Undergrad: 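I have a structure I would like to understand better, so I am pasting it below and will then ask my questions one at a time.
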Amino acid sequence: MSASLFHSFFLGGLECSTNRLRTGRRLDLVRATRHDEFAAADYRLLQSHGILTARDGFRWTLIETSAGVYDFSSAAPMLKAARDTGMQVIWDLWHYGWPDDIDIFSAAFVRRFVAFAREAIKHISDYAAVPLISPVNEISFFSWAGGDGGIFNPFAVGRGDEMKRQLVRASIEAIRAMRDVNPAVRTFQIDPIINVVPRSSRPDDVKAAEQYRCSQFQAWDMLLGRGEPSLGGREDLIDAIGVNYYIHNQFVWRGSEGSLIVPSDPRYRHISVMLQEVYERYGRPIFIAETGIEDDTRPAWLRYVCKEVFAAMAAGVPVEGVCLYPIVNHPGWDDDRHCYNGLFDYADDRGVREVFAPLAAELAQQRDNVEVLRSTAASAGELEGLDTSALDWAAHVMQERTDGSRAARD
């Protein structure tokens with residue numbers, strides 16, 4: 001086993017969402033976590049725990065101050081911090097936010113995003129010879145959340161497929177524009193993996209649930225030209241696939257309240273099997289681009305995810321890494337509550353962040369396990385610290401919080 005893509009097997013993800021809420025308030029998680037003030041200290045803190053690769057993001061909403069006018073002063077300190085500390089970074093160019101004067105469904109959105117991406121890669125290339133880029137984060141998820149579910153800006157309903165095509169088109173054209181500037185750019189296409197089961201054994205329900213489950217592949221298929229080729233997709237537009245997995249990624253299609261499928265449910269699908277399906281479908285390097293949970297279950301969740309990842313590796317899936325996301329606790333989007341979901345807490349005025357010791361210890365154990373797998377013929381079953389306790393209660397807690405947050409948005 002080798003980690004050819006990343007400088008470390010474990011990555012840390014800095015939350016960088018910039019979407020506008022229904023209340024009109026715009027999120028800026030980079031600022032809310034003070035990462036913009038303490039980027040270098042944050043990167044060094046990650047490195048002290050063996051995390052040498054991070055996910056981070058540009059804030060288009062701050063950079064394009066008016067149409068075609070760019071101010072990269074918000075990004076330059078983070079680029080410099082990454083270079084000075086030697087941190088390898090995957091840069092998100094779009095993490096749910098865009099300038100207010102653009103209709104996301106319009107041709108102007110694609111045109112403006114492509115122009116922004118072209119300018120952004122010029123700046124990134126000044127600091128990194130081989131830029132690692134996630135052009136549009138979570139195309140499929142956002143297409144549902146903002147185009148069908150009505151819970152993310154622009155709060156549309158019934159326009160999910162239109163949204164997906166729009167974001168795919170923007171991503172395709174942005175990749176081409178960036179490669180015109182720097183052919184060494186490597187692109188990471190990131191989306192959740194899900195499991196959806198029917199609410200009954202009726203053929204119509206079974207068919208509908210499977211169609212919904214397979215929708216997770218649509219954006220990747222479009223980007224590669226395997227679906228809707230008129231969008232311009234090509235096989236060379238994805239260098240690696242990032243999959244996001246949280247405890248609520250498995251559910252009953254159009255189920256009633258409580259339709260989440262918990263880990264002890266016989267219908268629950270192993271993450272290792274889901275990783276294998278994605279790899280067999282696309283043949284690309286793959287990594288867990290986001291995973292995490294809140295509160296005291298954080299160590300057990302990391303242990304569980306690693307157990308599944310190691311099983312996938314044993315089956316021949318080249319999993320390149322696991323990204324703890326978020327790596328820093330952050331305020332809740334809708335209620336500003338203190339979300340204890342990271343390895344590190346809020347920064348004080350010196351940039352010092354308290355470390356959640358139980359998760360740090362678990363991370364150290366799993367780093368040791370990775371080294372054992374790399375250096376010996378040991379199987380995942382022989383590794384230390386892989387017994388996982390029941391996570392069902394955590395699944396229900398997270399579902400209640402998610403439902404409560406969505407209700408607050410309505």
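This structure is a prediction, so every number in the text was calculated from the model and none was measured. Side chains included, hydrogens not; waters and symmetry mates left out as well; all remaining heavy atoms used. This chain uses plain numbering: 1 for the first residue, then up along the sequence.
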Undergrad: Determine whether the aromatic ring centres of His338 and Tyr346 lie less than 6.0 Å apart.
TA: yes

Undergrad: Is the Tyr246 ring parallel, tilted or perpendicular to the His248 ring (thresholds 30°, 60°)?
TA: parallel

Undergrad: Would you call the rings of Tyr268 and Tyr304 parallel, tilted or perpendicular, taking 30° and 60° as the class edges?
TA: tilted

Undergrad: Would you please indicate if the ring centroids of Trp333 and Phe152 are separated by under 6.0 Å?
TA: yes

Undergrad: Looking at Lys122 and Glu119, is there a salt bridge between them, counting it only when a charged N and a carboxylate O are closer than 4.0 Å?
TA: yes

Undergrad: Is it the case that the ring center of Phe356 lies less than 6.0 angstrom away from the ring center of Phe344?
TA: no

Undergrad: Could you check whether the rings of Phe58 and Trp91 sit parallel, tilted or perpendicular, using 30° and 60° as the cut-offs?
TA: perpendicular

Undergrad: Flag the pair Arg169 and Glu228 as a salt bridge only when some basic side-chain nitrogen lies within less than 4.0 angstrom of an acidic carboxylate oxygen.
TA: no

Undergrad: Are Arg281 and Asp221 ion-paired here, with the side-chain N under 4.0 Å from a carboxylate O?
TA: yes

Undergrad: Measuring only between side-chain heavy atoms, which start at C-beta, is Val114 closer than 4.5 Å to Val110?
TA: yes

Undergrad: Quick one: does any side-chain atom of Arg20 pair with a main-chain N or O of Gly24 as donor and acceptor, under 3.5 Å?
TA: yes

Undergrad: May I ask you to decide if the ring planes of Phe6 and Phe287 are parallel, tilted or perpendicular, using 30° and 60° as cut-offs?
TA: perpendicular

Undergrad: Sorted by first residue and then second, give each ring-ring contact (aromatic ring centres under 6.0 Å, His included) pair with at least one member in residues 70-90; sequence neighbours left out.
TA: Phe72-His123

Undergrad: Under 4.0 Å between a side-chain nitrogen and a carboxylate oxygen: does that hold for Arg269 and Glu277?
TA: yes

Undergrad: Can you list every side-chain hydrogen bond (donor to acceptor under 3.5 Å, both in side chains) pair that touches residues 148-162, not counting sequence neighbours?
TA: Arg159-Glu162

Undergrad: SG/Cys339 to CG/Asn329 distance, rounded to the nearest 0.5 angstrom?
TA: 8.0 Å

Undergrad: Within the 4.5 Å heavy-atom criterion, are His35 and Val328 side-chain neighbours or not?
TA: no

Undergrad: With a 4.5 Å limit on heavy-atom distance, are the side chains of Tyr245 and Met274 in contact?
TA: yes

Undergrad: In terms of side-chain geometry, is the basic nitrogen of Glu308 or Arg303 positioned less than 4.0 Å from the acidic oxygen of its partner?
TA: no

Undergrad: Under 3.5 Å, is there a donor-acceptor pair linking the side chains of Glu138 and Asn244?
TA: yes

Undergrad: In a check of salt bridge (charged side-chain N to carboxylate O under 4.0 Å, His left out) between Arg34 and each of Asp349, Asp28, Asp345, which one passes?
TA: Asp349

Undergrad: Quick one: do Leu224 and Ile238 satisfy side-chain contact (heavy atoms from CB on, under 4.5 Å)? Show the steps, please.
TA: CA-CA 7 Å; Leu224 294 171; Ile238 298 180; 3.8 Å; yes

Undergrad: Can we say Arg353 and Asp42 salt-bridge, meaning some charged N sits less than 4.0 Å from an Asp/Glu carboxylate O?
TA: yes

Undergrad: Please verify the inter-ring angle class for Phe116 with Phe113; under 30° counts as parallel, over 60° as perpendicular, anything in between as tilted.
TA: tilted

Undergrad: To the nearest 0.5 angstrom, please state how far the CG atom of Leu46 sits from the CD1 atom of Ile327.
TA: 5.0 Å

Undergrad: Please report the interatomic distance CZ(Phe105) to CZ(Arg165), rounded to the nearest 0.5 Å.
TA: 10.5 Å

Undergrad: Side-chain contact, heavy-atom cut-off 4.5 Å: His330 with Leu14?
TA: no

Undergrad: With a 3.5 Å distance limit and no angle check, can you tell me whether Asn19 reaches the backbone of Gly97 through a side-chain donor-acceptor pair?
TA: no

Undergrad: Side chains of Gln365 and Asp368: do they bring a donor and an acceptor to under 3.5 Å?
TA: no

Undergrad: Below 4.0 angstrom, N of the basic side chain to O of the carboxylate: do Arg55 and Glu290 qualify?
TA: yes

Undergrad: Testing the 3.5 Å rule here: is there a donor-acceptor pair between the side chains of Gln88 and Tyr43?
TA: no

Undergrad: Near Arg25 CZ, under 6.0 Å, is it more than 12 heavy atoms from other residues, nucleotides or ligands?
TA: yes

Undergrad: To the nearest 0.5 angstrom, please state how far the CG atom of Leu324 sits from the CD atom of Glu362.
TA: 10.5 Å

Undergrad: Side chains of Asn195 and Asn249: does their closest heavy-atom pair fall under 4.5 Å?
TA: no

Undergrad: Hey, mind stepping through Trp98 and Thr61 against side-chain hydrogen bond (donor to acceptor under 3.5 Å, both in side chains) and telling me if it holds?
TA: CA-CA 5 Å; Trp98 62 95; Thr61 52; over 6 Å; no

Undergrad: I'd like to know if Asp334 and Arg22 make a salt bridge, using a cut-off of under 4.0 Å between side-chain N and carboxylate O.
TA: no

Undergrad: Got a sec, which pairs hit salt bridge (charged side-chain N to carboxylate O under 4.0 Å, His left out) with one end in residues 5-17, sequence neighbours left out?
TA: none

Undergrad: NZ of Lys164 to OG of Ser140: how many Å apart, nearest 0.5 Å?
TA: 4.0 Å

Undergrad: For Glu235, does the CD atom have more than 12 heavy-atom neighbours from other residues, nucleotides or ligands under 6.0 Å away?
TA: yes

Undergrad: Whether the Asn341 and Tyr325 side chains hold a donor-acceptor pair (N or O, under 3.5 Å, no angle test) is what I'd like checked.
TA: no

Undergrad: Could you please spell out the steps behind the ring pair (Phe, Tyr, Trp, His ring centres under 6.0 Å) verdict for Trp60 and Tyr96?
TA: CA-CA 10 Å; Trp60 183 15; Tyr96 306 153; over 10 Å; no

Undergrad: Report the distance from atom CG of Leu167 to atom CG of Leu231, rounding to the nearest 0.5 Å.
TA: 11.0 Å

Undergrad: Would you indicate whether the side-chain heavy atoms of Leu29 and Cys16 approach each other to under 4.5 Å?
TA: no

Undergrad: For Arg59, is there an ion pair with Asp71 - N to carboxylate O distance below 4.0 angstrom?
TA: no

